[in-house]
Amino acid sequence: MPWYMEKNMEKIIKPRGTMDVMAPDVFAWNYIEKKVRDVADRFGFTEIKVPTFEEIGLFRRGVGETTDVVQKEMYTFTDKEGTVYALRPEGTASVARAIIENGKATDTLPLKYYYVINCFRYEKPEAGRSREFVQFGTEMFGAPSAGADFTIISLGDTVIRELGITGIKLHINSIGCPNCRPAYRAALKDYLKSHSDELCDTCLDRIETNPLRALDCKNDSCKKVAENAPRTIDHLCPECRAHMDELEGYLKACGIDYVVDPHIVRGLDYYTRTVFEFIAEGIGSQSTVCGGGRYDGLMEELGGPKMAGIGFGMGITRIILAMKQCGIEVPRLAVPKLYIASMGANASAKAMEIVSELRNAGIGADCDIMGRSLKAQMKYADKIAAEYVLMLGDSEIEAGTATIKEMATSEQTTLKLDEIIDFIKGK
Ligand code: ATP
Ligand code: MG
């Protein structure tokens with residue numbers, strides 16, 4: 001009988017839409033996290049850690065009142081002092097706030113930050129969509145050039161490429177700027193009004209407040225209306241057109257394959273000009289593994305200086321799904337170099353001593369602490385994928401020598417007990 005029933009406790013299960021991650025899946029998580037940190041470092045980004053919860057107003061202003069995230073998906077709570085907080089649904093608003101609050105806006109530009117954070121959204125859970133998920137995010141502030149857009153896109157592309165994922169396509173679009181948007185908005189409003197009987201209630205409201213959001217609605221009928229809607233890309237001012245052309249030039253020159261996709265608009269309010277998504281074929285409906293874009297209005301919106309910004313968010317679970325789809329095997333990051341199988345108290349004590357010394361020298365090592373039979377210990381060594389196995393019994397202790405076996409080759413070497421540590425260190 002499980003312990004919780006013995007104690008007459010109710011069975012407690014994890015909240016809907018959350019995950020327990022353990023071996024072997026956790027190897028993939030750690031492998032991906034290591035890769036994204038490595039690539040971000042190479043691009044000159046430094047890590048930023050921000051709070052898990054923020055005042056709700058930050059997301060209202062920074063993400064936008066008319067977005068699905070703010071209107072439907074935030075986890076909010078009131079603390080004992082009566083302040084209303086939200087578990088962060090994304091990272092960008094917090095990074096911008098942190099830059100303003102810590103006086104970083106006057107540092108040498110551009111500011112380049114990355115993070116690996118858990119985010120929370122009240123959504124309908126399905127494959128690749130959960131209520132708590134982990135996002136690798138990048139943010140670059142203070143660089144309005146198309147070269148900055150290229151750098152961010154290239155960072156995402158490098159991660160995907162170096163993880164070995166194939167079948168992911170970069171989709172880019174431009175949604176214009178405050179100069180070209182009014183004319184576009186007017187055209188879009190007229191179009192949406194003429195299709196008002198096909199729109200959901202939220203989008204009907206959005207016609208007046210933020211018509212662009214209607215193009216990002218998940219409702220099937222709204223999606224159909226969006227398909228033939230006027231396109232931002234056809235309404236760009238000369239500056240926005242030139243910015244897009246320059247970005248396309250960099251992508252071509254550096255061999256990053258892309259398509260211009262007028263339907264990419266992104267769900268967040270503060271985007272301007274470039275928006276992009278990396279979309280995987282064949283991982284189901286949640287196929288956007290990475291989404292991002294430019295948000296030149298955000299910093300000011302949050303009370304900071306006027307400062308350009310661009311970044312992306314990459315969902316780690318969706319990356320894992322794409323890796324599985326490609327049949328990519330993830331290596332276990334650290335396997336023990338040595339496992340010592342021992343029989344008898346003296347041998348066991350010696351095993352502890354050797355293992356301890358190796359661990360102190362930074363080498364992974366393990367030995368029996370379960371009192372298992374020799375056969376069971378060998379099976380265990382196999383399970384933990386130890387590279388070498390050493391057998392220690394009373395006779396080995398007496399003789400002062402023991403045999404070490406390299407598991408991959410079955411090659412055996414007999415060594416003096418005091419040579420073992422140097423032998424393993426040399427491997
Ligand atoms: P979607 O259209 O799939 O809802 P989104 O536009 O809401 O995505 P963003 O806010 O741009 O997504 O987040 C960036 C990335 O974070 C997404 O491309 C995706 O990989 C990941 N992501 C977003 N929401 C979730 C979720 N609920 N569960 C898992 N991953 C998510
Ligand atoms: Mg979403």
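Atoms within a ligand are numbered from 1 in the order they appear, just like the ligands themselves. Here the structure is a predicted model, which is why all the values come from computation and not from measurement. Every heavy atom of this structure was used, including side-chain atoms; hydrogens, water molecules and symmetry mates were not.
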Next on the checklist: Using 30° and 60° as the class boundaries, would you call the ring planes of F150 and Y250 parallel, tilted or perpendicular?
Outcome noted: tilted

Item to check | Pairing of D41 and R37 as salt bridge, 4.0 angstrom limit | outcome: no

Next on the checklist: Using 0.5 Å steps for rounding, measure from the CD1 atom of I152 to the CZ atom of F43.
Outcome noted: 9.0 Å

Item to check | Which of the ligand 1 atoms, numbered from 1, are nearer than 4.0 Å to a heavy atom of G291 | outcome: 18 (O)

Next on the checklist: Can you tell me if R131 contacts ligand 1 (heavy atom of the residue under 4.0 Å from the ligand)?
Outcome noted: no

Next on the checklist: Out of all atoms in ligand 1, which are within 4.0 Å of some heavy atom of S130? Include the element for each.
Outcome noted: 26 (C), 27 (N), 28 (N), 29 (C)

Checklist entry - For ligand 1, is R121 a contact, meaning one of its heavy atoms is under 4.0 Å away? => result yes

Checklist outcome for this item: Closest to atom 2 (O) of ligand 1 by heavy-atom distance, out of E277, R318, K218, is K218

Item to check | Aromatic contact, F53 with F77 (centres under 6.0 Å) | outcome: yes

Next on the checklist: Using 30° and 60° as the class boundaries, would you call the ring planes of F276 and F278 parallel, tilted or perpendicular?
Outcome noted: perpendicular

Checklist outcome for this item: To the nearest 0.5 Å, atom CD1 of I421 lies from atom CD1 of I363 at 8.5 Å

Checklist entry - Salt bridge or not for R42 and D38, using N-O below 4.0 Å? => result yes

Checklist entry - Should one rank I319, V134, D216, T288 by closest heavy-atom distance to atom 20 (O) of ligand 1, which comes out on top? => result T288

Item to check | Nearest neighbour of atom 22 (N) of ligand 1 from the list F120, Y122, F133, on a heavy-atom basis | outcome: F133

Checklist entry - Can you tell which of G292, A280, G315, A127 gets a heavy atom nearest to atom 21 (C) of ligand 1? => result G315

Item to check | V289 contact mode with ligand 1 (heavy-atom cut-off under 4.0 Å) | outcome: backbone

